[in-house]
Number of protein chains: 2
Amino acid sequence: MTDSDDLMSIRQMCAAYDVTPRTLRFYESKELLFPIREGQKRLFTKRDRARLKLILRGKRFGFSLEEIRQLLELYNIGDQQQTQIQRTYEIAQDRLADMERQRAELDEAITELKEQLDWGAKIIASMKQTKKAAE
Amino acid sequence: MTDSDDLMSIRQMCAAYDVTPRTLRFYESKELLFPIREGQKRLFTKRDRARLKLILRGKRFGFSLEEIRQLLELYNIGDQQQTQIQRTYEIAQDRLADMERQRAELDEAITELKEQLDWGAKIIASMKQTKKAAE
DNA sequence: CGTTACGCTTACGTTAACGTCAACTTTACT
DNA sequence: AGTAAAGTTGACGTTAACGTAAGCGTAACG
C-alpha cells in the first residue's frame with residue numbers, strides 16, 4: 001500500500017462525489033482545490049477530497065464558493081501569519097453567528113409551515129366530508 | 001379609517017421593507033405580488049405586504065422565487081380545486097422535509113465549526129504565549 | 001409654465017456557478 | 001496502425017434575481 005492509492009483521477013472523483021469534471025476544474029480555477037499533475041492530468045489527493053467534502057457541505061448551506069474558500073483557510077491555519085489567522089478567525093465567528101440566526105429563523109418557519117399544513121389538511125378533510133355528504 | 005390607508009405606494013413599500021422598486025415590479029412580473037392599479041400606478045395592499053414578508057423570509061432560507069411562489073399558494077388554498085390543493089400540500093410536505101434535513105446539517109456544521117474555532121483560539125493563545133516567552 | 005419628484009415600460013447588463021460544445025493530446029487496447 | 005476512452009484547454013451559453021439606464025407620462029410646487 002504505497003502513497004499512490006491515495007490519488008484519484010478526475011473520473012474517480014466524479015463518481016465518488018457526484019460532481020462533473022467541469023465542476024472540479026472550476027473549483028481548481030477558483031483555488032478551492034489543488035490537484036497535482038501527472039503530465040497534463042490531474043490527480044486528486046486525500047487533502048483535495050477532504051476539501052471537496054467541505055465545499056459540498058458548505059454549498060448546501062448557501063455559502064458562496066468565495067466564502068467557502070475563506071473558511072477552508074481555517075484548515076490551513078498553520079501556514080498563516082498571526083494577523084491573517086485573526087482575520088480568518090473573525091470571519092468564521094461572523095459566519096457562525098449568521099448560521100445560528102439562520103437556524104433560529106428556520107425553526108420558526110418550520111413551526112409556522114407545520115401549522116399551515118395542519119390547516120390545509122383540515123380543509124381537505126372537510127372537503128372530503130362535504131363530498132361524501134353530497135353523494 | 002377607510003380602506004384606503006391600507007394601500008401603499010411603491011416608494012412606501014421600498015422604505016418599509018428595504019427593497020428597490022425594481023424588486024417589487026420584478027416580483028409582480030413573477031406573480032408573487034398583485035398590486036392593484038390606480039391609473040398606471042401600483043398600489044400595494046395589506047395582502048401584498050403579508051406576501052412580501054413571506055417572500056423575504058423565504059429568500060433567507062435559500063428558497064428560489066419559484067419555490068416561494070408555490071408555498072404562497074398555501075395561503076390561497078380556498079381558491080383551488082381539490083387536486084391542486086393536494087399537489088400544493090405535497091410540495092409543502094417535501095419542502096418541510098428538506099428544511100428539517102437542512103436544519104440537522106446546520107446543527108452539525110455549527111458544532112464542527114465551533115470546534116474548529118476552539119482549536120484556532122488555542123493556537124492563537126499558544127502563539128501569544130510563545131511570543132511573550134521570546135520577549 | 002418650467003422643473004422637480006415619482007412612477008411606468010422596455011431593454012440591455014451583471015454575477016455566480018457551472019453546462020456544453022469544439023478541437024486537440026495521451027494512453028490503452030486489439 | 002487504428003480507434004476508443006479519458007483527459008486537457010479555451011470559449012461561448014445558461015439561469016436566477018435583480019441593477020441600471022433610456023425615454024416617457026403626470027402631478028404638484030414655486
Side-chain angles (χ1 to χ4, degrees), chain A residues 4-45 48-49 51-72 91 95 98 102, chain B residues 4-45 48-49 51-72 91 95 98 102:
Chain A
S4 68
D5 55 0
D6 196 23
L7 301 175
M8 286 173 61
S9 78
I10 199 166
R11 287 291 162 187
Q12 293 175 312
M13 289 292 283
C14 292
Y17 297 96
D18 191 33
V19 292
T20 70
R22 176 66 170 112
T23 299
L24 294 174
R25 296 190 193 109
F26 183 72
Y27 289 169
E28 183 185 1
S29 79
K30 293 286 173 175
E31 313 204 51
L32 291 165
L33 298 177
F34 308 93
I36 57 179
R37 296 300 179 104
E38 184 191 50
Q40 277 282 60
K41 303 185 177 175
R42 289 166 175 83
L43 290 177
F44 295 84
T45 69
D48 290 313
R49 293 197 291 281
R51 285 179 153 254
L52 183 53
K53 280 181 203 168
L54 290 170
I55 294 168
L56 296 177
R57 195 175 60 191
K59 289 201 55 181
R60 274 178 256 131
F61 304 142
F63 290 102
S64 74
L65 291 184
E66 176 52 25
E67 288 171 327
I68 292 172
R69 202 184 57 72
Q70 295 187 20
L71 278 176
L72 281 173
I91 290 172
R95 284 267 126 248
D98 282 356
Q102 192 182 343
Chain B
S4 68
D5 55 1
D6 196 24
L7 301 175
M8 286 173 63
S9 79
I10 199 167
R11 287 291 162 187
Q12 291 175 313
M13 289 291 284
C14 292
Y17 298 96
D18 192 33
V19 292
T20 70
R22 176 67 171 109
T23 299
L24 294 175
R25 296 189 192 111
F26 183 71
Y27 289 169
E28 182 185 1
S29 79
K30 293 287 174 176
E31 312 203 52
L32 291 164
L33 298 177
F34 306 95
I36 57 179
R37 294 301 178 104
E38 184 190 51
Q40 277 281 57
K41 301 179 178 176
R42 291 167 175 83
L43 290 177
F44 295 82
T45 69
D48 289 313
R49 294 197 290 281
R51 284 178 154 255
L52 183 53
K53 279 182 203 166
L54 290 170
I55 293 168
L56 296 177
R57 194 175 61 192
K59 290 200 54 183
R60 274 178 255 131
F61 306 141
F63 290 102
S64 74
L65 291 183
E66 175 54 23
E67 288 170 327
I68 292 171
R69 202 185 58 72
Q70 295 187 20
L71 279 176
L72 281 172
I91 291 172
R95 285 266 128 247
D98 282 356
Q102 192 182 342

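Note that these values count all heavy atoms, side chains included, but never hydrogens, waters or copies made by symmetry. By convention in this document, chain letters (A, B, ...) are assigned in the order of the sequence lines, proteins followed by strands, and residues within each chain are numbered from 1.
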query = Which residues in residues 28-41 of chain A have at least one heavy atom lying under 4.0 Å from any atom of DNA chain C?
reply = A:Lys41
request  = Can you tell me the distance, in whole Å, between the CZ atom of B:Arg42 and the P atom of D:dT26?
outcome  = 16 Å
message = If I take atom CG in residue A:Leu24 and atom P in nucleotide D:dT9, what distance separates them, rounded to the nearest angstrom?
response = 12 Å
inquiry  = If you compare all heavy atoms of A:Leu32 against all heavy atoms of A:Leu65, which two are closest, and at what distance to 0.1 Å?
reply    = CD2-O, 3.8 Å
query = Between the main-chain N or O of B:Phe34 and the side-chain N or O of B:Asp48, is there a donor-acceptor pair closer than 3.5 Å?
reply = yes
request  = To the nearest Å, give me how far apart CG (A:Leu56) and C1' (C:dC18) are.
outcome  = 13 Å
message = Please list all pairs meeting side-chain hydrogen bond (donor to acceptor under 3.5 Å, both in side chains) that have one or both residues in residues 15-24 of chain A, counting only residues at least two apart or in different chains.
response = A:Thr20-A:Thr23
query = Any N or O donor-acceptor pair linking the side chain of B:Arg22 to the base of D:dT20 at under 3.5 Å?
reply = yes
query = Rounded to the nearest Å, what distance is computed from the CE atom of residue B:Met13 to the C1' atom of nucleotide C:dC6?
reply = 16 Å
inquiry  = Can you see if the side chain of A:Thr20 gets near the phosphate of C:dG19 - specifically, an N or O under 4.0 Å from OP1 or OP2?
reply    = yes
key: B:Thr23 vs D:dA17: side-chain N/O to OP1/OP2 distance below 4.0 Å   = no
task = Between B:Phe26 and A:Gln12, just flag the one whose closest nucleotide in DNA chain D comes earlier from the 5' side.
result = A:Gln12
message = Closer than 3.5 angstrom, by distance alone: can the side chain of B:Arg49 be matched with the main-chain N or O of B:Asp6 as a donor-acceptor pair?
response = yes
inquiry  = Does this structure show an ion pair linking A:Arg69 with A:Glu66, if we count only N-O contacts that are shorter than 4.0 Å?
reply    = yes
ask   = A:Tyr17 OH to C:dC18 P: how many Å, rounded?
value = 17 Å
key: Residue of the set A:Arg51, A:Arg42, A:Arg25 for which side-chain contact (heavy atoms from CB on, under 4.5 Å) holds with A:Leu33   = A:Arg51
query = Phosphate oxygens OP1/OP2 of D:dA11: is one of them under 4.0 Å from a side-chain N or O of A:Arg25?
reply = no
ask   = Side-chain N or O of B:Tyr27 less than 4.0 angstrom from OP1 or OP2 on D:dA17?
value = no
remark   = Scanning both residues in full, the closest heavy-atom pair of A:Met13 with A:Val19 reads O-CG2, 4.4 Å
request  = Please state how far atom CD in A:Glu67 lies from atom C1' in C:dA17, giving the value in whole angstrom units.
outcome  = 14 Å
message = Please pick, from C:dC8, D:dT8, C:dC18, the nucleotide with the shortest atom-to-atom distance to any side-chain atom of A:Lys59.
response = C:dC18
